[in-house]
Amino acid sequence: AWTAQVLTGLQEELGDSFVRRIRFVSAVSGGSVGAMHFLERYLPSGNPPVEQATCIRALAGRSGLAATVWGIAYPDFLRGTLPFRLLDPIYDRGWVLERTWMRPPAEGCEGAGGVESRLGDWADRTRGGSFPGVVFNATLVETGERLLFSTVRIPGARKAISFLDDPGYRRDLDVVTAARLSATFPYVTPVARPLTVNGDADVDRADHVADGGYFDNFGVFSAVEWVGALAETDSFERLGPIVFLEIRAFPQGQEHLGGCTLRRRGGWYFEAAGPLEAVLAARNSTQTARNDKEIELLRLALGPGKVAPSVIARPRHKPTDGCWCEALDYPLSWHLSPAQRQDVVDQWERIRPELVERLLESLN
């Protein structure tokens, strides 16, 4: 919902010139879902109609929890308890969630459908020049490598398997499937492996695919590699400054709040959950530090003026007793309450003026 809000909000503020400047979208986890709905509205001429902004936000913020719970309660439960195969392996909670994204919304988006494209369709449009390059980042469980569901090739990508290049994956698939695999939040949606036409496990690539956030929760790593590959082409010198627009769904870490008194916790809770909480917190902080360093090294390698300062779009902490201390409480279970959906809008209005100003400065 936050990704869709930022993209449509910037288009409303800056017009179609903003959309025309989008050359590459590297999406991860829930951001893949928001980016998917925005990109699906692109016209053959190259821009999603600005009047579709409300529709895009309605689709990205629509609940998928009912579909997920239904999939757990029925097909997944039957498959796990019956001693014989009653259902095709494809029918699970992940498949049901994809069908939800493919359905037209009930309100706020009259006359528009859901996401019906195939990844190959997007790749054809990218080659035709009317569509940005796109990669939905996922992670292979067995090896920890990235699996790139991409419409463009990224030569020399490290610790990565490309959907376009690897013989075991080089088949077309629905965009909703690529986005769902990139957004495989633990236990809510299942890790999955590819199937052949007859439904057997693919003998060439039987790896299980999980959320792209295990490797990089922000998508910067793949974007840096794409820019690096682009720099080897003849057309690179004709490009203006490159701007990394990072859409982060959560505020900056507590260590940067300054002057706020944080609630102290201890006792049995930290004895039990402390190690896991440290791993999760360190994952984001280390990924952020690594990504910042990657962009800095890219800027040095490409020379002055080629990579502008990055622009980061993220919510702010809510004010509490004059401080920005209260963390935002967004669920990761595919359901936002009406109050939480409104909070996304309020957060956008709070950061909009400064974000637009910074983006214009970087572009110019």
Side-chain angles (χ1 to χ4, degrees), residues 1-4 25-41 56 59-76 79 87-105 113-123 134-141 146-151 161-164 169 171-195 199 201-202 205-217 219 222 249 331-336:
W2 178 247
T3 299
V25 177
S26 178
V28 183
S29 201
S32 295
V33 182
M36 169 187 71
H37 287 297
F38 181 77
L39 294 165
E40 179 70 4
R41 301 295 153 193
I56 294 168
L59 286 164
R62 185 171 54 174
S63 175
L65 184 59
T68 305
V69 172
W70 184 91
I72 294 172
Y74 290 98
D76 288 352
R79 186 177 297 107
L87 300 173
D88 190 296
I90 196 173
Y91 300 119
D92 61 5
R93 60 193 184 277
W95 180 87
V96 177
L97 184 61
E98 292 176 22
R99 304 283 80 70
T100 299
W101 295 338
M102 297 176 77
R103 285 201 316 267
V115 180
E116 300 176 352
S117 298
R118 306 274 286 177
L119 200 63
D121 299 334
W122 283 12
V134 180
V135 58
F136 295 113
N137 294 273
T139 305
L140 296 178
V141 174
R146 289 175 294 157
L147 174 59
L148 306 179
F149 293 101
S150 178
T151 65
I161 292 174
S162 171
F163 180 79
L164 288 175
Y169 283 118
R171 302 183 177 117
D172 204 1
L173 81 167
D174 292 327
V175 167
V176 292
T177 302
R180 194 264 296 179
L181 292 171
S182 174
T184 306
F185 188 74
Y187 305 113
V188 179
T189 46
V191 296
R193 59 179 176 170
L195 298 178
D202 193 313
R205 301 292 328 184
D207 312 80
H208 289 80
V209 183
D211 195 289
Y214 287 104
F215 190 96
D216 177 15
N217 206 29
S222 294
L332 298 175
S333 57
W334 300 113
H335 179 80
L336 292 173

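Small disclaimer: the values here were computed from a predicted structure and weren't measured.
Between Thr177 atom OG1 and Arg118 atom CZ the span is 7.5 Å, to the nearest 0.5 Å. Put simply, CG on Asp207 and CG on Leu147 are 8.0 Å apart, with the number rounded to the nearest 0.5 Å. The line from CG of Leu336 to OG of Ser63 is 8.0 Å long, rounded to the nearest 0.5 Å. Separation of atoms CZ (Arg79) and OH (Tyr91) is listed at 10.5 Å; rounding is to 0.5 Å. A distance of 10.5 Å separates OG1 of Thr100 from CH2 of Trp334, quoted to the nearest 0.5 Å. One finds the CD atom of Glu98 at 7.5 Å from the CD1 atom of Ile90 (value rounded to the nearest 0.5 Å).
When every heavy atom of Thr151 is checked against every heavy atom of Leu164, the shortest pair comes out as C-CD1, 3.9 Å. When all heavy atoms of Gly31 and Thr3 are compared, the closest pair comes out as CA-OG1, 3.5 Å. Nearest heavy atoms, Gly34 versus Ala60: CA-CB, 4.2 Å. Here the closest non-hydrogen pair linking Ala179 and Met36 is CB-SD, 3.7 Å. Minimum heavy-atom separation, Gly61 to Ala1: CA-CB, 4.1 Å. Closest heavy-atom contact between Ser117 and Glu40: OG-OE1, 2.8 Å.
Taking the six-membered ring where tryptophan is involved, the planes of His37 and Trp101 are perpendicular, since the angle between them exceeds 60° and thus also 30°.
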Assess the residue pair Asp211 and Val28 against the criterion (side chain to side chain contact (heavy atoms under 4.5 Å, CB included)); give the C-alpha distance rounded to whole Å, side-chain angles, the decisive distance to 0.1 Å, and a yes or no.
CA-CA 8 Å; Asp211 195 289; Val28 183; 4.3 Å; yes
CA sep, side-chain torsions, deciding dist, call: Thr184, His208, side chain to side chain contact (heavy atoms under 4.5 Å, CB included):
CA-CA 11 Å; Thr184 306; His208 289 80; over 6 Å; no
Given Asn137 and Phe215, is the side chain to side chain contact (heavy atoms under 4.5 Å, CB included) satisfied, shown in steps?
CA-CA 9 Å; Asn137 294 273; Phe215 190 96; over 6 Å; no
Check the pair Leu173 / Phe149 against side chain to side chain contact (heavy atoms under 4.5 Å, CB included), numbers first and verdict last.
CA-CA 10 Å; Leu173 81 167; Phe149 293 101; 4.0 Å; yes
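Residues His335 and Val69 fail the side-chain proximity criterion, which asks for heavy atoms closer than 4.5 Å. Using a 4.5 Å heavy-atom cutoff, the side chains of Phe136 and Val175 are in contact. Between Thr139 and Val209 there is no side-chain heavy-atom pair separated by less than 4.5 Å.
Side chain of Thr189 to backbone of Phe185: a donor-acceptor contact under 3.5 angstrom is found. Without hydrogens or angle criteria, Asp172 side chain to Gly120 main chain gives a donor-acceptor distance under 3.5 Å. Side-chain N or O atoms of Ser26 include one that pairs as donor or acceptor with a backbone N or O of Gly219 at under 3.5 Å.
At a cut-off of 3.5 Å, with distance as the only test, a side-chain donor of Arg146 or Ser222 sits close to an acceptor on the other residue.
Exactly one residue among Ile72, Asp92, Asp76, Thr68 makes a side chain to side chain contact (heavy atoms under 4.5 Å, CB included) with Pro190. That residue is Asp92.
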